[in-house]
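Letters go in sequence order (proteins before strands), and every chain restarts at 1. This one's a predicted model, so the numbers in the text were calculated from it and none came from an experiment.
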2 protein chains.
Amino acid sequence: MYTMSQAFRLKQSIEDAVIAGEFLPGDRLDEASLAERFGVSRTPIREALLQLGAEGFIDVRPRRGAIVSVPTPTRLFEMFETMAEIESACGRLAARRLTPDNDAAMETAHRACEIAAREGDSEQYYADNRNFHEAIYRASRNSFLADQAFALHKRLSAYRRIQLRARNRLLQSLQEHAGILEAIRAGDDQLAATRLHDHVLVQGERFSDMVLGLAGDRRSDAAASKSGTAK
Amino acid sequence: MYTMSQAFRLKQSIEDAVIAGEFLPGDRLDEASLAERFGVSRTPIREALLQLGAEGFIDVRPRRGAIVSVPTPTRLFEMFETMAEIESACGRLAARRLTPDNDAAMETAHRACEIAAREGDSEQYYADNRNFHEAIYRASRNSFLADQAFALHKRLSAYRRIQLRARNRLLQSLQEHAGILEAIRAGDDQLAATRLHDHVLVQGERFSDMVLGLAGDRRSDAAASKSGTAK
DNA sequence: CATATGTTAATTGTATGCAATATTAGAAAT
DNA sequence: ATTTCTAATATTGCATACAATTAACATATG
């Protein structure tokens with residue numbers, strides 16, 4: 001099936017590049033250079049950028065070009081809080097509807113995380129962690145909710161990656177995963193929801209604390225627009 | 001400020017037309033006729049369609065054009081279930097964080113619903129109902145979550161409208177609103193969440209029952225792709 | 001030296017043309 | 001009459017050209 005449009009492939013490529021950290025928040029994505037880089041005209045590039053903009057991945061300001069979104073610390077916290085609520089919902093449903101297939105998928109992903117954590121391989125853990133969370137999304141047996149969850153997960157990946165650098169955070173994360181699995185398997189939807197909520201939100205809180213440089217205050221976001229500039 | 005691009009205006013216009021029911025699920029949105037209708041070239045039309053596609057409002061299939069999405073009954077149920085979870089989250093946060101402004105906004109919207117319901121004006125209730133729910137989204141004091149909620153609310157509007165036609169449903173809906181408000185004001189986040197969840201999900205369940213033509217089975221969605229065709 | 005202003009350069013927005021693909025209509029065969 | 005294959009038709013995808021707007025820069029002025 002080689003019937004896929006260029007614009008769609010480009011959308012994927014640009015998204016991947018952003019997720020991989022090749023383009024940092026604040027970087028400009030001008031159509032001409034991207035067109036040259038991918039060996040196409042501006043048209044499919046534009047179409048890809050507009051779609052990514054509609055998905056919230058990047059900011060496309062009329063007449064002023066596209067940049068990788070630079071959320072304020074407050075906004076970032078809100079995004080993590082929303083992620084926490086959505087993942088909670090997935091866990092709640094998963095606890096009620098768990099099937100053997102979904103259980104096995106979560107187990108496999110969890111085992112992979114365990115290995116990566118033991119070896120302190122944060123890059124690998126980052127990948128396995130994504131699979132673990134995706135397995136939970138699917139276990140909700142609500143494919144629409146799962147899609148929404150995964151989309152937001154991707155949008156936050158740039159920030160989560162930074163958070164998972166610390167080694168002890170890796171082990172703590174793994175332990176939380178175990179607790180989540182336990183609750184889902186016990187069919188305790190309430191507990192699964194709160195454990196997932198806390199697991200996700202602690203990342204967001206730690207991250208915005210990190211960005212703010214001070215703990216416990218998420219109101220002051222004046223210094224937000226000063227981050228990353230293109231090389 | 002007349003600096004807004006055509007593509008953006010078109011996106012809004014097409015979205016409005018879909019929400020207003022001018023284009024029904026399944027209707028084809030071909031670039032040429034839309035271009036003629038709006039007096040522009042295909043380019044900005046294409047850009048608008050691609051953006052709407054990225055937001056999930058319409059389906060753009062490569063080389064096969066765009067159509068207004070035709071969710072299967074199962075998919076529709078999943079969307080309502082997701083809406084229920086997101087609205088729950090909004091209500092839960094609102095119950096914890098309620099401010100006088102947000103309280104007043106909800107009250108105003110609720111009063112408007114009350115009048116429309118008493119008069120049996122379902123078209124008016126439809127509009128006021130949207131405001132009421134939007135007031136709850138904002139009361140969550142998480143603007144990102146509120147945006148997500150509103151976006152999904154818009155996507156479902158075509159289906160909710162049909163549901164609200166019945167008069168007794170109007171009065172029941174209003175009563176549920178009262179209960180939701182009560183729980184939020186009492187600061188009972190748990191109760192607010194479950195009441196909102198049930199309020200939203202009952203719509204989804206009733207609707208998919210309606211689509212299926214049979215109650216209690218949401219598995220058989222074979223007849224899904226048979227709905228609306230362009231005139 | 002800082003600020004304002006006018007001109008130039010760079011970038012985005014839209015239109016048009018052509019190529020590639022899908023859809024439809026028609027003819028032929030069963 | 002129904003099905004299948006082929007050819008005509010229509011529609012989408014991409015490239016290019018031009019127009020409109022913004023950003024950058026130099027120059028003048030306080």
Exercise for the section: Starting at the 5' end of nucleotides 5-15 of chain C, put B wherever the base has a protein heavy atom under 4.0 Å, S where only the sugar-phosphate does, and a dash everywhere else. Expected result: ------SBBBB

Practice task
Taking atom types as modelled, find out whether Ser143(B) and Glu78(A) have a side-chain donor-acceptor pair closer than 3.5 angstrom.
Solution key: yes

Practice task
Please report the shortest heavy-atom distance between Arg97(A) and Ser140(A), naming the atom on each side.
Solution key: NH1-O, 3.2 Å

Handout entry: Interatomic distance, Leu49(A) CG vs dC14(D) P [rounded to whole Å]
Key = 14 Å

Exercise for the section: Would you indicate whether Glu107(A), at its atom CD, is surrounded by more than 12 heavy atoms from other residues, nucleotides or ligands within a distance under 6.0 Å? Expected result: yes

Fill in the blank from the handout: So CZ of Arg155(A) and CZ of Phe144(B): to nearest 0.5 Å the spacing works out to 4.0 Å

Problem - Whether over 12 other heavy atoms sit under 6.0 Å from Arg111(B) CZ - result: no

